[in-house]
Trainee: 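Below is a structure I'd like to ask you about.
Model, not experiment: these values are computed from the prediction. Quick note on labels: first sequence line is chain A, next is B, and so on, each numbered from 1.
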Amino acid sequence: MQLEALVRAAVNEALLQLNTPCEEEIPVDRPPRREYGDLSSRVAFLLAPAAQRNPAVLSQEIAACLAGDPRFVAVSAEGGFVNFTFSLAALADVVRSVLGRGEAYGRGGGGGGRKLQVEFISSNPTGPLTVGHGRQAALGDVVASLLAEQGWQITREYYLNDEGRQIELLGRSLWARYRQALNQEVPLPEGGYHGEYLLTLGHRLAAAWGDRYPEWNAGTQEVFRKLAVDEMMGMITADLEAIGVSFDVWTKEGDLHRRGLIEETLNSLRERGAVYEHEGALWLRSTDHGLGRDPVLVRSDSTPTYLLVDIAYHVDKFRRGFVKVVDVQGADHVEEQRQVLLALNLLGVPAGFLDYCLHQFVTVRGQEGVERMSTRAGRFLRLRDMVDDLGRDVFRYFMVMRKPSSHLNFDYELAKSSSMENPVYYVQYAYTRIASLVREAERLGETPEGLASVDLSPLTDPSERELILELDRFGDVLRTAADEYAPHLLCEYLEGVAKLFHPYYSRVRVLGQGRTTHARLALLSGAGLILRRGLAVLGLSAPEEM
RNA sequence: GCGCCCGUAGCUCAGUGGACAGAGCGCUGCCCUCCGGAGGCAGAAGUCGCAGGUUCAAAUCCUGCCGGGCGUACCA
């Protein structure tokens, strides 16, 4: 990050001398081949057309201007690119920045302390969390952390659908299981919940209550509905705890109703002429705005659909003062997302207020070909079972290591492996080795006075240069990952740092080398700090010992 | 049919306009009495789904086609 700025400044100076100012930001890239230097700029390609110059010549002139610049040991032009190789002093500044800024290193200020909400999981309380929810849980939690790193004031929120048809069905299913446990032939309702968890719960209730609720009536319904939701929420919070996810706010659908928000939102949409009646139901005019079909807002039995409630919920989010809202949702919600965005637009909520982080589904390797998971049918892999088996760190990492928009193939065998083949351990082990090294240095009395002021001139090994260049990228990686809701970029970055570290560590001796020891300890402390910070953003531990 | 996502090495995936396309796993060979061996080094392996187009430059942008996933409910 600071090295990029350094190149940018140097190029600007050269362009000023050449009387060819660049209006846009100077492009700086990592060259594809090591021999091209540490960083490069294709600025000459950018300026050549307007200046009517040959990029190859222009790049040579830029390089010539910067010959002998103390920030670089080499500035060269090749085929229109300008390639930069930093001086050791410039690189050493990076290490000093890392150590100097410490925990704050890599943070960005784009959020400016403004309020941002990340809503995720929001799974119906109709069963325990599944592997699919696991991806969303990890993704939402890490995206929230990434945005917090950019200076946003984050609220993690879970929307709890505690009313409606599915919940009635759940209560009725539970009652059926309860009666079955008392040896009464009561079938599960049509479309009811088949999962084993209700069976277990039914037996428990039968043992506790005996024949207290023999009939399905309004009173029984109320008892079972409420109890079922409470029990399911208990399971869900326990599951969340297992993966280390916690929420700041839980919003219940019932509250939105009681506050009259649904009605109010419907009226606002109606005033804007966006609603019409057809076959006894109320529909949203969305085909007028290029969407595929008009969805129902209020059913003919006068109950609101999920879509209308969701629109009202988002209007409420806007009123609550969030500057931005990110909803993490599965790919099966695209259609609905467009409807919500359209409705918000009609209601005057500024564009860009709501953003979706859309993710594809998870397949666990070895289970391909099985039917799609369904909580209702009782056909799913429980998140809890996988977390208990693999550990929180591995589970979380594997869930965010792929681009959200790509289907996730979960390699269970690799996740289960405890060697360095497993990327989680590969990264964590790098940190552990550094921690161990620092402890050993302290024990031997080889720890330098102030790490940040150590003489770094002994860092002449090529791997040390590589490592420093990589450390310098940390802030960029965090920012891009936050902007794009793409935690996998951070995973790849950390694996890259670990991949530079491990071979270096096994090849180079750190302790007992005098000044070189001090310099290497400073560099590795910086690397350790970044590994720990990166792992923390992912919600993983950085073990001092493994 | 329509909409969205995906198609890159044997497998799982990075890489959204720049220089001879990368990683992990797997495979082949070599090395390791040493700060934590839960190792290290090297190698083989790719017409970037196909065909056109735009550009000085395309895995990347545009169009069409092929293949896979998801959606297309008065479910959520």
Trainee: Just N and O in the side chain of Lys403(A): are any of them under 4.0 Å from OP1 or OP2 of C5(B)?
Mentor: no
Trainee: Is Thr432(A) touching bases, backbone alone, or none of the nucleic acid, heavy atoms closer than 4.0 Å?
Mentor: base
Trainee: Hey, does the side chain of His407(A) come within less than 4.0 Å of G7(B)'s phosphate (OP1/OP2), counting only N and O?
Mentor: no
Trainee: Answer with yes or no whether Asn83(A) presents, from its side chain, a donor or acceptor under 3.5 Å of a partner atom in the base of A19(B).
Mentor: yes
Trainee: Do the side chain of Thr305(A) and the base of A73(B) come within less than 3.5 angstrom through a donor-acceptor pair of N or O atoms?
Mentor: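 Side chain to base: no pair present.
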Trainee: Between Ser405(A) and C6(B), does any side-chain N or O lie under 4.0 Å from OP1 or OP2?
Mentor: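 Looking at the OP1 and OP2 atoms of C6(B), one of them is under 4.0 Å from a side-chain N or O of Ser405(A).
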Trainee: Checking Glu231(A) now: which residues fulfil salt bridge (charged side-chain N to carboxylate O under 4.0 Å, His left out) with it, not counting sequence neighbours?
Mentor: Arg204(A)
Trainee: Only stems of 3 or more consecutive Watson-Crick or G-U pairs count here, both distances under 3.5 Å; name the ones for RNA chain B, or none.
Mentor: B:1-7 with B:66-72, B:10-13 with B:22-25, B:27-31 with B:39-43, B:49-53 with B:61-65
Trainee: Just to verify, what does Asp483(A) make a salt bridge (charged side-chain N to carboxylate O under 4.0 Å, His left out) with, not counting sequence neighbours?
Mentor: none
Trainee: Residues two or more places apart in sequence or in another chain: which of them pass salt bridge (charged side-chain N to carboxylate O under 4.0 Å, His left out) with Asp327(A)?
Mentor: Lys317(A)
Trainee: Indicate, with a heavy-atom threshold strictly under 4.0 Å, whether Val508(A) touches base, sugar-phosphate, or nothing.
Mentor: base
Trainee: At a cut-off of 3.5 Å, list every protein nitrogen or oxygen paired with a nitrogen or oxygen from nucleotides 38-40 of chain B, distance to 0.1 Å.
Mentor:
residue, atom, partner, partner atom, Å
A38(B), N6, Met546(A), O, 3.1
A38(B), N3, Ser418(A), O, 2.6

Trainee: According to a strict under-4.0 Å criterion, is Ser406(A) in side-chain N/O contact with OP1 or OP2 of A14(B)?
Mentor: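 Answer yes for this pair, as a side-chain N or O of Ser406(A) is under 4.0 Å from OP1 or OP2.
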Trainee: Does a side-chain N or O of Asn409(A) approach OP1 or OP2 of C11(B) to a distance below 4.0 Å, or not?
Mentor: no
Trainee: Heavy atoms under 4.0 Å, any strand shown: does Pro49(A) hit a base, just sugar-phosphate, or nothing?
Mentor: nothing
Trainee: With heavy atoms under 4.0 Å as the rule, sort Arg165(A) into base, sugar-phosphate or nothing.
Mentor: sugar-phosphate
Trainee: Excluding sequence neighbours, so at least two apart, what forms side chain to side chain contact (heavy atoms under 4.5 Å, CB included) with Ser405(A)?
Mentor: Lys403(A)
Trainee: Determine the interatomic distance between C1' on C13(B) and the same-named atom on G7(B); round to the nearest Å.
Mentor: 12 Å
